[in-house]
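Reviewing the structure listed below.
Computed from a prediction, not measured in an experiment: that's the story for all the values here. Reminder, nothing fancy here: chain letters follow the sequence lines and each chain counts from 1.
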Amino acid sequence: MNTPDELQYTAEHEWVRIEAGEAVVGITDFAQDSLGDVVYVSLPEPGSAVTGGQSVAEVESTKSVSEIYAPLAGTVVAVNEALADQPELLNHDPYGAGWIMRLRLDGPPEGLLDAAAYRSLVE
Amino acid sequence: MDDALRTSPLDAQHRALGARMAEFGGWEMPIQYTGVLEEHRQCRTDAVAFDVSHLGTVEVRGPRAFELLQWAFTNDLGRIEPGRAQYTHLLDPGDAHVVDDLIVWWLDATSFLVMPNASNTARLTDALREHAAAATDDVVIADVTESRAVLAVQGPSARTRLRAVAPELAAVAHFGVQTAVWHAVPCVVAGTGYTGEDGVEIQVPTAHAVELWEALLTAGVTPAGLGARDTLRLEAALPLHGHELGPGITPLQAGLSWVVRFDKGDFRGRGPLEAERERGPARRSAGIAVEGRQPPRAGATVMAGERAAGIVTSGNFSPTLGHGIALALIDSAVGAAEELAVDIRGKLVPAQRVRTPFVPRGA
């Protein structure tokens, strides 16, 4: 499994990249592999306020539905519209073209795992 | 009861190929190798092999075998002959629900292989033994599931690729059945499947299952798991026991009245089914399609305007069509032109009734 060192993670198998008060969020390589082929992604509304741990999106494979939780409190400033027609981007490039949403954070990021801690969860 | 999961004679091969394994009908079977969508596409465009050894095989033979099966099942064996296969139902004698849907392989005048669903083998043998004891002892009923593996080779190129390694097994007609000797191994092959594509299903003795599996892969047949088998059979609108059929669901509700031959005489479950036919089934299976990719899944409520009109029995994303499809039991009172919607976890998604199969055979 690929778990890039420069990202942060949650125990719900999401990755977070902090960029100047914003957070880009996606699902980990482990998550996409466990789900299998993703066929549908429901995305949150841009502009919506979210609290940490709130369910904000769903990722569906042929076999199951998984919820995506906001890793931190903030406001959704962008979602990856490409996923509507190409949900397979989550499988093919989970840390790049398969990003899910960008949040403007309410406060400093807290409670995230570093790559080593996340690896110890899934290995 | 032994709760341990049963494994296929090909278990080690699946694991070596990196298959993801899961429980299915009391067996641990491969769900996928590389991915459901790719395996699905391979079956629609080329050829795949499924290990379906979890299906049961029950041998029924003897001078009264025909009579027993003709009485136990809904379809009419009198309409086919030895060397042919037939899809049929075993009904509950009390309420005519479908206890199992199965394929009968008619080998010769007095011998048949009956193929139930994995978890229904005991229900089938119990039902047959009950009838046999009541009628005659001139029939042998034997669960021979352990003695063989079953490989399904499916897809537009299934026969071409199979011919390269086992021409003896590739020649069987659509819904034909024949015994064939491959590399000195006695096999039984039928021109049947569960994908909506051409293909064959092969019963090979357990000790030779690996040899045949390896030969198929050498011939360029792609291994496919039960995940793709499910999306393929859904596109073909083929029923799955436990979803479209099962407790509370009769063949008439399932839209499978062609499987029932009232003109053949008495059969198990005939009384209650005839009564339902006279009053008209209260609900019927229908194909529905949703706009967009979101899968309408089993258990979702189908709405007609403000009222609940039915329930999804199977649904998924259709890899071939690129949108969500489902089979649903819809109340007969709902008009064909009424606008439908599926309640997907609180969100109403507009749905339309469509003809089935969703994907035409061999499309």
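The contact between A/Ser61 and chain B is made entirely by backbone atoms, counting heavy-atom distances below 4.5 Å. For chain B, no part of A/Asn91 is nearby; none of its heavy atoms comes within less than 4.5 Å.
For B/Gln352, the CD atom is loosely surrounded, since the number of other residues' heavy atoms within 6.0 Å does not exceed 12. Counting heavy atoms of neighbouring residues, nucleotides and ligands inside a 6.0 Å radius, atom CD of B/Glu23 exceeds 12 of them. More than 12 heavy atoms of other residues, nucleotides or ligands shown are found within 6.0 angstrom of CZ on B/Arg307. Environment of CD in B/Glu214: crowded, with over 12 heavy atoms of neighbouring residues, nucleotides or ligands closer than 6.0 Å.
Contact annotation: the side chain of B/Arg297 approaches that of A/Val65 to within less than 4.5 Å [non-hydrogen atoms, C-beta and beyond]. Between B/Glu38 and A/Asp37, every side-chain heavy-atom pair lies at or beyond the 4.5 Å cut-off. Using a 4.5 Å heavy-atom cutoff, the side chains of A/Lys63 and B/Gln32 are not in contact.
A distance-only check finds a donor-acceptor pair linking the side chain of B/Arg293 to the backbone of A/Val39 [under 3.5 Å].
For the pair A/Glu60 and B/Arg345, the salt-bridge criterion is met [side-chain N within less than 4.0 Å of a carboxylate O].
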